[in-house]
Structure formats: C-alpha cells, structure tokens
Amino acid sequence: MIDSFIFDLDGVIVFTDKYHYQAWKQMADELGVYFDEKINNRLRGVSRMDSLEIILERYEGPALSYERKVELATHKNEIYRELLNKMTPSDVSSEVRETLKKLREKGIKISLGSSSKNARLILEKVDLLDAFDEISDGNNITRSKPDPEVFLKAAEFLHSKPETCAVLEDAISGIEAAKAAGMTAVAIGDAKASEKADYRIDTFSDILKLI
Ligand code: BG6
Ligand code: MG
C-alpha cells in the first residue's frame, strides 16, 4: 500500500539538464577539459563534487588541490544559478501541477528527493514549493544517489515507512537508490532502461494509476 510519493527534481519535475550542461561546459572550456552531452548524462543524480570528478577524468593538467576543486565547483554553481534565474512557473507543465494536486487530494504525502542543493531555489522559481509536504535535498545528505540516503531522509521527514513509499526517477542511479531504500521504484524517461524498476511510465500523470 503506497501512502507516500517521493519525486526526483531534475528531469522529472523540471528540465534543468540543459542549464547544468551549459554551466559545466563553460567551466570545462575555461579549464581546457573536453566535455560533451554524453558526459553530462553521466552526471544525473550525482552530487556537484562527484560530478566534477567525472568531468576531471578528461583533465590532463597539473594536479588540482581540493581547494581548487571547490573553487571550480563553486564557479559552475554561480553560472548555473544565473541560468536558473530564467526559470518561471511556465517551466512546470500543468500535467505535473495537476497530478501533484490529485495525489494530495487522495491523501498521499509528497516529498522531494533530489541530490541538488539548489532544489528550494528551483521550486520557488517555478512556484511549486507549496506542492510538497517535505523537501529532502543535497543539503541534508552526505552521499548522493545511488546511495539511498536522500530517499530515506524523505521518508523520515514524512513519518512514512520506506515500504509504503514510491519514488519517481528519470535516472538509473535514482532507481538503484530507491530499491536500496526498500521503496517502490517508478521509472520515467531514461530510467526505464533500468532492470530494477518496479514500474515504467510514459507520462507523469500515469503515477495516479499506481495509487
Ligand atoms: C541532481 C542533478 O539533481 O543534482 C545532478 O541530476 C546535479 O546533475 C546534482 O549534479 C547536484 O546539483 P546542485 O544543484 O547541488 O549542483
Ligand atoms: Mg533526475
């Protein structure tokens, strides 16, 4: 019996991948490191610092200190936040808004489960903060997906048992995290390729069929 739904943010509620790409691309170009959309796809669900490490696999210059890496990640985040300023409520589809409302009407508790430290800013920009009972994000975790921490925290915030929680994810690492948390894993988009998904849906409102 599912009484709670936990949603990934990037790629499920909003489509910020293009902004992450543009910001990492600028940082990588400045550093002289090769970066493309394929590498960007590997960064889904991965924390900011872990994403930087993936990008630096192509780095061939002198060793970078931890402080320099923090500086690079901070620079990327500044570019990213500048791009997020472009976001408005029109960046969330009416299908997503209405589905979240219907879940609430059915008495389902709702939390965000995102690796991003910018999650609240994004939800504010698209005017969706009120749609969530709780927010579990990059600010309350130490390990990012596929570790289950972000989803277990969401369940804790909602006072729900993991076995009554369902997670909607577009990243394979997110499906793995949901299963590691003992939750029902619902895949949309690229995550449908994961063998671990319990359900695969084509469009956001399909989650209503699972309740
Ligand atoms: C996830 C994205 O939601 O958040 C990742 O899928 C991103 O690509 C991660 O790296 C961390 O985001 P932020 O906003 O804290 O840099
Ligand atoms: Mg995602």
Side-chain angles (χ1 to χ4, degrees), residues 5-28 35-57 69-87 91-93 96 111-126 128 132 135-151 153-154 166-179 181 183 185-194 196-197 200-201 203-204 207:
F5 235 105
I6 303 171
F7 293 93
D8 173 47
L9 178 65
D10 294 309
V12 169
I13 304 280
V14 289
F15 297 91
T16 43
D17 266 12
K18 56 183 185 293
Y19 299 139
H20 277 298
Y21 173 75
Q22 284 175 45
W24 282 126
K25 178 76 180 146
Q26 186 177 325
M27 187 221 74
F35 181 66
D36 62 16
E37 304 239 3
K38 207 172 151 203
I39 302 172
N40 193 57
N41 283 342
R42 288 176 58 204
L43 312 183
R44 285 201 206 146
V46 178
S47 73
R48 196 180 308 159
M49 287 305 283
D50 289 348
S51 296
L52 177 67
E53 290 298 340
I54 292 174
I55 293 168
L56 292 178
E57 286 170 8
K69 288 180 183 176
V70 170
E71 208 176 277
L72 289 168
T74 304
H75 179 49
K76 178 267 174 175
N77 194 49
E78 283 163 3
I79 304 165
Y80 179 58
R81 285 176 71 100
E82 196 62 40
L83 293 167
L84 289 180
N85 272 330
K86 293 184 193 171
M87 294 192 83
D91 284 297
V92 171
S93 67
V96 167
S111 177
L112 193 76
S114 165
S115 305
S116 173
K117 290 186 172 163
N118 293 299
R120 274 178 197 273
L121 171 72
I122 295 168
L123 290 181
E124 268 169 34
K125 287 264 163 214
V126 299
L128 211 57
F132 293 86
I135 291 180
S136 174
D137 65 17
N139 296 296
N140 60 254
I141 55 168
T142 53
R143 299 175 299 276
S144 67
K145 302 165 190 175
D147 190 281
E149 188 180 11
V150 74
F151 296 142
K153 280 275 181 228
V167 170
L168 181 60
E169 261 291 347
D170 73 313
I172 290 176
S173 62
I175 295 293
E176 283 170 5
K179 290 319 292 174
M183 300 177 178
V186 186
I188 193 165
D190 289 355
K192 288 190 330 187
S194 169
K196 294 189 182 169
R200 290 170 187 81
I201 61 169
T203 184
F204 194 89
I207 54 175

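First listed ligand is number 1; within each ligand, the first listed atom is number 1.
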Below a 4.0 angstrom heavy-atom separation, can you tell me which part of Ser116, side chain or backbone, both or neither, approaches ligand 1? both

Partners of Lys76 by salt bridge (Lys or Arg N to Asp or Glu O under 4.0 Å), sequence neighbours excluded? none

Which of the numbered atoms in ligand 1 are below 4.0 angstrom from a heavy atom of Tyr80? 14 (O)

Looking only at protein heavy atoms, which one is nearest to atom 5 (C) of ligand 1, and how far off is it? Leu43 O, 3.2 Å

Take the Mg ion (ligand 2) as the centre and count protein N, O or S atoms at distances under 2.8 Å. 3

Indicate the ring-plane relationship of Phe132 and Phe7, choosing parallel, tilted or perpendicular according to the 30° and 60° boundaries. perpendicular

Which ligand 1 atoms are under 4.0 Å away from a heavy-atom of Ser51? 10 (O)

Is His20 touching ligand 1 with its side chain, its backbone, both, or neither, if touching means heavy atoms under 4.0 Å apart? side chain

Does atom NZ of Lys196 have more than 12 heavy-atom neighbours from other groups under 6.0 Å away? no

Tell me: protein heavy atom nearest atom 2 (C) of ligand 1, and distance? Asp10 OD2, 3.4 Å

Would you mind finding which of Asn118, Val46, Leu52 brings a heavy atom closest to atom 10 (O) of ligand 1? Val46

Any carboxylate oxygen within less than 4.0 angstrom of a Lys/Arg side-chain nitrogen, looking at Glu57 and Arg42? yes

Tell me which pairs pass salt bridge (charged side-chain N to carboxylate O under 4.0 Å, His left out) where either residue lies in residues 114-125, with sequence neighbours left out. none

Out of Gly45, Ser114, Ser115, Ala23, who is nearest to atom 6 (O) of ligand 1 when you count heavy atoms only? Gly45

No-hydrogen, no-angle side-chain donor-acceptor test under 3.5 Å, Thr142 and Glu149: yes

For Asp190, enumerate each residue passing the salt bridge (Lys or Arg N to Asp or Glu O under 4.0 Å) test, keeping only those at least two apart in sequence or located in another chain. Arg44

Checking Asn140 side chain against Asp137 main chain: does a donor-acceptor pair fall under 3.5 Å? yes

For ligand 1, find out whether one of its N or O atoms is nearer than 3.5 Å to an N or O atom of Arg48. yes

Please answer whether the main-chain N or O of Phe151 pairs with a side-chain N or O of Ser136 as donor and acceptor at a distance below 3.5 Å. no

Heavy atoms of other groups near Glu82 CD, more than 12 under 6.0 Å: no

If we only count N/O pairs under 3.5 Å, is Lys117 in contact with ligand 1? yes

With a 3.5 Å distance limit and no angle check, can you tell me whether Ser51 reaches the backbone of Val46 through a side-chain donor-acceptor pair? yes

